[in-house]
Protein chains: 2
Amino acid sequence: MRLTTKGRYAVTAMLDLALHAGKGPISLADISERQGISLSYLEQLFAKLRRSELVRSVRGPGGGYQLSRDQVHINVAEVIDAVNESVDATGCHGSGDCQSGETCLTHHLWCDLSEQIHAFLSSISLLDLVQRKDVQLVAKRQDRRYVDQLIMSTGEKTSADRKAAV
Amino acid sequence: MRLTTKGRYAVTAMLDLALHAGKGPISLADISERQGISLSYLEQLFAKLRRSELVRSVRGPGGGYQLSRDQVHINVAEVIDAVNESVDATGCHGSGDCQSGETCLTHHLWCDLSEQIHAFLSSISLLDLVQRKDVQLVAKRQDRRYVDQLIMSTGEKTSADRKAAV
DNA sequence: AATTAGCCGACTGTTTTAGTAGGTTAAATA
DNA sequence: TATTTAACCTACTAAAACAGTCGGCTAATT
């Protein structure tokens, strides 16, 4: 089992999509900007997320990605799974042939652990995350910074422009 | 976070020690034989287990390793920790400076997960494992095979010899 | 003196991670 | 219609970790 930036990036990016849902497709460039994840790396992750039918893509200008299902029906476990980061803690992938065809001494322990982790992560939907206070706080900060960046680059000045940009 | 053969081997080896406690020091060669783990690799792992004061060593013939504490007072989490396989799921080791000094969108989620896993693994002692039915079954099988191997190599034949070997 | 078994450091092939680079294709817009 | 946008795809890479090997050394027992 492993949980590295790969799985964390995937969940973070999916949560970014969830937070900005209903505003049309979100480009990977936007997610890259807001979440500080390399664009090329995001592309690789979204290729997998798309294959697992967790997101839909829209090509061309104004295009990007959208969640393919309701936020309630996407949980953290399946997002991590989609980018090939198994939540399985056994060495035999649950088959029980860990020690030359037979069950090793600690097989059941790792099965229990895997179950525990999976139960926890699959019980958390994107909607749950979106509704969390701490997530909303970070999201607000990121959005503010994102808009500021936008204004800087386009040279707009007034607070009316600022609002228009959002 | 990662949980690979390294951490699994460590727990398995410690459980082997626990199962054969009270019979004097257990050599790594014995553990290697019973659990199917490379002897040299075990040596590396036990160097770390010793540094964490989870085991005591006895040198010379008849030497080996023993648990340095009671089985009730050694839990799975600290064994995994001893061989440098952190149970931490955050990328910032819990500090919260995940995204260029500030908290990332999913920081609290990974904190919760880490807590969950740690609570689970630290709630399981070696004694708990020793008392499990499935562990006892596998242990019995391994011991039988171990004795058979011993008889084969020493050329003893009768069931009296078999008993004497144990 | 010889054997046992812990101790120690260096070295190795393989896999994964995290990312880069360079290009192609589909759709919208000027 | 030409240009731009942004998805899509393949290949490559440095660095790290994993899992294990090898050779030699030291302490204790027989």
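Here the structure is a predicted model, which means the values were calculated and not measured. In what follows, chains are A, B, ... by sequence order, proteins preceding strands, each numbered from 1.
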Chemist: Could you work out which one of dA7(D), dT29(D), dC18(D) sits closest to the side chain of E43(A)?
Modeler: dA7(D)
Chemist: Under 4.0 Å between a Lys/Arg side-chain N and an Asp/Glu carboxylate O for R132(B) and D112(A)?
Modeler: yes
Chemist: Starting from P on dA7(D), measure out to CZ on R51(A) and report it in whole angstrom.
Modeler: 16 Å
Chemist: Would you indicate, yes or no, if dC8(D) has its OP1 or OP2 atom less than 4.0 angstrom from a side-chain nitrogen or oxygen of S57(A)?
Modeler: yes
Chemist: If you assign R59(B) and R2(B) each to the DNA chain D nucleotide with the nearest heavy atom, which residue ends up on the more 5' nucleotide?
Modeler: R2(B)
Chemist: Between L113(B) and L109(B), does the side-chain contact (heavy atoms from CB on, under 4.5 Å) criterion hold? Intermediate values first, please.
Modeler: CA-CA 6 Å; L113(B) 175 61; L109(B) 171 64; 5.7 Å; no
Chemist: Is S38(B) close enough to dT21(D) that one of its side-chain N or O atoms is under 4.0 Å from OP1 or OP2 there?
Modeler: yes
Chemist: Classify the nucleic acid contact of S40(B) as base, sugar-phosphate or nothing, counting any heavy atom under 4.0 Å across all strands shown.
Modeler: base
Chemist: In whole Å, I'd like the distance from the CZ atom of R56(B) to the P atom of dA5(C).
Modeler: 19 Å
Chemist: Looking at the base of dT10(D), is there any donor atom on it, or on the side chain of Q44(A), that sits under 3.5 Å from an acceptor on the other one?
Modeler: no
Chemist: So does Y9(A) get a side-chain nitrogen or oxygen closer than 4.0 Å to the phosphate oxygens (OP1/OP2) of dT17(C)?
Modeler: no
Chemist: In whole angstroms, how far is the C1' atom of dA5(C) from the CD1 atom of I26(B)?
Modeler: 13 Å
Chemist: CG of L42(B) versus C1' of dA5(C): gap in Å, rounded?
Modeler: 13 Å
Chemist: Using 30° and 60° as the class limits, which term best fits the ring planes of F46(A) and Y65(A): parallel, tilted or perpendicular?
Modeler: tilted
Chemist: Starting at CD of E33(B) and ending at C1' of dA5(C), how long is that distance when rounded to a whole Å?
Modeler: 16 Å
Chemist: What is the distance from NZ of K48(A) to P of dC8(D), rounded to the nearest Å?
Modeler: 16 Å
Chemist: Check whether E78(B) reaches the backbone of S122(B) with its side chain - one donor and one acceptor, N or O, closer than 3.5 Å.
Modeler: no
Chemist: Around R145(B), counting heavy atoms of other residues, nucleotides and ligands shown, do more than 12 lie under 6.0 Å from its CZ?
Modeler: no
Chemist: Indicate, with a heavy-atom threshold strictly under 4.0 Å, whether Y65(A) touches base, sugar-phosphate, or nothing.
Modeler: sugar-phosphate
Chemist: Using whole Å, report how far CZ of R50(B) lies from C1' of dC8(C).
Modeler: 11 Å
Chemist: On DNA chain D, compare the nucleotides closest to G63(A) and E85(B); which residue's is nearer the 5' end?
Modeler: G63(A)
Chemist: Taking atom P of dA17(D) as reference, at what distance in whole Å does atom CE of M1(A) sit?
Modeler: 17 Å
Chemist: Nearest of dG20(D), dG19(C), dG6(C) to any side-chain atom of Y41(B)?
Modeler: dG20(D)
